[in-house]
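Positions are given from 1, in the same order as the sequence printed here. As a basis for the values below, the full set of heavy atoms in this structure was taken, side chains included, without hydrogen atoms, waters or symmetry mates.
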Amino acid sequence: AAVKATTTSVESADVIRLMLQFCKENGLHRSLQVMQEESRVSLNTVDSLDGLLSDINHGRWDVVLQAVSYLSLPDNVQQDLYSQIALELAELKDVETALHLMRETAPMITMKQDNPERFLRMEALIKSNDFDVRRAYEGVPKEKRRSSIAQSIVKYVSVAPPSRLLALVGQAVKWQQHTGQLPPDGQIDVFRGVAANKVEEREQCPTMIAKKVKFGPKSHPECAAFSPDGQYCVTGSVDGFVEVWDYNSATLRKDLSYQDEGSFMMHDKAVIAVAFAKDSDLLATGSQDGQMKVWRASTGQCVRRFEHAHGEGITFISWSKDSTQILTASFDHNVRGHGLKSGKTLKEYRGHTSYVNSCIYTRDAGKVVSASSDGNVLIFDARTTEVLNTIVPPPPPHLNSSQAYAVNAAILAPSRPGETEDCIYVCTRTNTLLLMNLTGQVLKSYSSGKRDRADFAAMTTSPKGEWLYGVAEDHTLYCFDAESGNVEQTVKVAEKDVIGLVHHPSRNIVAAYSSDGTLSFLKP
């Protein structure tokens, strides 16, 4: 069916009011004043009418004066208000301030010009050594005069929801994404009305710790993730907090109002797994007691709760490509798939005999790959949950091949030009990382060359796959050239055991988090 095109006209004064509100809310008081003077449009809105009425009725004049400074009121209403304030100051024996208000404020200067008799009568009342309340308030109780002034002011004032400009821009962007004028995800250049260009950097390995977050004495990060659009770095910590960081300054993101107000995303127990959906807003977190929550990172709101996603702690979380399902691994030896919409567990993948440390979907979403402390990588049919293949990553030659070595992680290797099959990087509790295919064939190995305190604890790759990073028991980051297999750089990243590594999706930034209570951002 055809949709009839409609046009809506917007008053230019309303556009200016949107800008005035933005200036007011962001402390741009001089800009607000100049814009009101030049445009002759005033904001004439307050956050709460009840609040303004209450402030006037209770004589909270400092708050009232600040509020009315943004309003355009008739001269007589302003003069009544300022007269009442001046008389009440005189009653309190603050004659100096009362006279200053009479002589220096615009409404009272106008009164002196237009109604000199009233002005002189008031000035005499204020200067009088014996302030006569009855005469000053013309026999009307002070509270009744306040109420009358309040009612005359609110006639000219309206209430507007906060942040209207940003809300309207957000709605416009969503509509353009819905109609295909803008891409459905990624950053948007609002001014030009196009998708913002991502920062493309030539891949380089880090050489130093650029910034560091130090957690409190009884806390440390247990997990971390960058959002796919590169905006956020989120950590889950042992004290149950989920925090969003600015990786450039290593400080909390205070532009997120919930964090600025001290209202954090939280679990009752330690948060040990975290992962973003493709839209970079939905964030899944898993805790030590097997609970999983899904949040909106932009608002801090919990949108879905899985009270018993697992019987024990959730060690790893990953999302399906379409963000409709969430895959979780656990200390309970199982992997489970959960429906975001239904809030229910849909699949269970069994076969491991120890802790499951990672779980991912293959690119076509047809298989699930899991890694466990039992020494195995299992390949499941994602739909039927059947085990298709059991891979036992071989240890390096100097170790006993009949012994099982815990597999800390198995992650998808970034696809390179010309490659058609999925390959995985495998991190075992040895001094060697492996590149394998899903049949179990070792395609390349990456050894640190060390034997003492050399077992790898965690790994990650650069976005395009040119670099492979592993962090070992010696608290050192080993940077491997993925093509040659050589160690090109080493960086000591912590004083105690490093728990994990994550890589920024488009920039040369690696985040390492450690049991010494640090989150370190490494750069070239």
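Residues Glu421 and Leu438 are not in side-chain contact: their nearest non-hydrogen atoms beyond the backbone lie 4.5 Å or more apart. Put simply, the side chain of Tyr232 reaches to within 4.5 Å of the side chain of Phe276, judged on heavy atoms.
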Practice prompt. Would you check, one step at a time, whether the test side chain to side chain donor-acceptor pair (under 3.5 Å) holds for Asp289 with Gln291?
Written response: CA-CA 6 Å; Asp289 57 2; Gln291 183 192 57; 5.7 Å; no
Worksheet entry | Criterion side-chain contact (heavy atoms from CB on, under 4.5 Å) on Cys223 and Val271, from CA distance to verdict | CA-CA 7 Å; Cys223 53; Val271 179; 4.1 Å; yes
Name every donor-acceptor pair, under 3.5 Å, that has one atom in a side chain of residues 488-499 and the other anywhere in the protein, sequence neighbours excluded.
none

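Between Asp246 and Arg253 there is no salt bridge, since no side-chain N of the basic residue sits under 4.0 Å from a carboxylate O of the acidic one.
Heavy atoms from other residues, nucleotides or ligands lying under 6.0 Å from CG of Asp14 number more than 12. In Arg363, the CZ atom is crowded: over 12 heavy atoms of neighbouring residues, nucleotides or ligands sit closer than 6.0 Å. Within a 6.0 Å sphere centred on CD of Gln66, other residues, nucleotides and ligands contribute 12 heavy atoms or fewer. Enclosure of atom NZ in Lys269 is not indicated, since only 12 or fewer non-hydrogen atoms of other residues, nucleotides or ligands lie within 6.0 angstrom. Enclosure of atom OH in Tyr355 is not indicated, since only 12 or fewer non-hydrogen atoms of other residues, nucleotides or ligands lie within 6.0 angstrom. No more than 12 heavy atoms of other residues, nucleotides or ligands lie within 6.0 Å of CZ in Arg383, so this atom counts as exposed by the packing criterion.
No donor-acceptor contact under 3.5 angstrom links the side chains of Thr315 and Asn357, judged on distance only. In summary, the side chains of Trp245 and Thr235 do present a donor paired with an acceptor at a separation below 3.5 Å, with no hydrogens or angles considered. Donor-acceptor pairing under 3.5 Å is recorded for the side chains of Ser219 and Asp239. With no hydrogens or angles considered, a side-chain donor-acceptor pair links His267 and Thr285 at under 3.5 Å.
For His220, the side chain to side chain donor-acceptor pair (under 3.5 Å) test picks out Glu222, with sequence neighbours left out.
Closest approach of Ala512 and Leu501 over heavy atoms only: CB-CD2, 3.6 Å.
Judged by distance alone, with hydrogens and angles left aside, the side-chain atoms of Thr384 form a donor-acceptor pair with the main-chain N or O of Glu386 at under 3.5 Å. When atom types are taken as modelled, the side chain of Asn508 and the backbone of Arg202 share a donor-acceptor pair closer than 3.5 angstrom.
Here the options are Asp374, Asn376, Asn334, the test is side chain to side chain donor-acceptor pair (under 3.5 Å), and the partner is His352; only Asp374 passes.
Ring-plane geometry between Tyr247 and Phe521 is classed as tilted, the angle between the planes lying from 30 to 60 degrees on a 0 to 90 degree scale.
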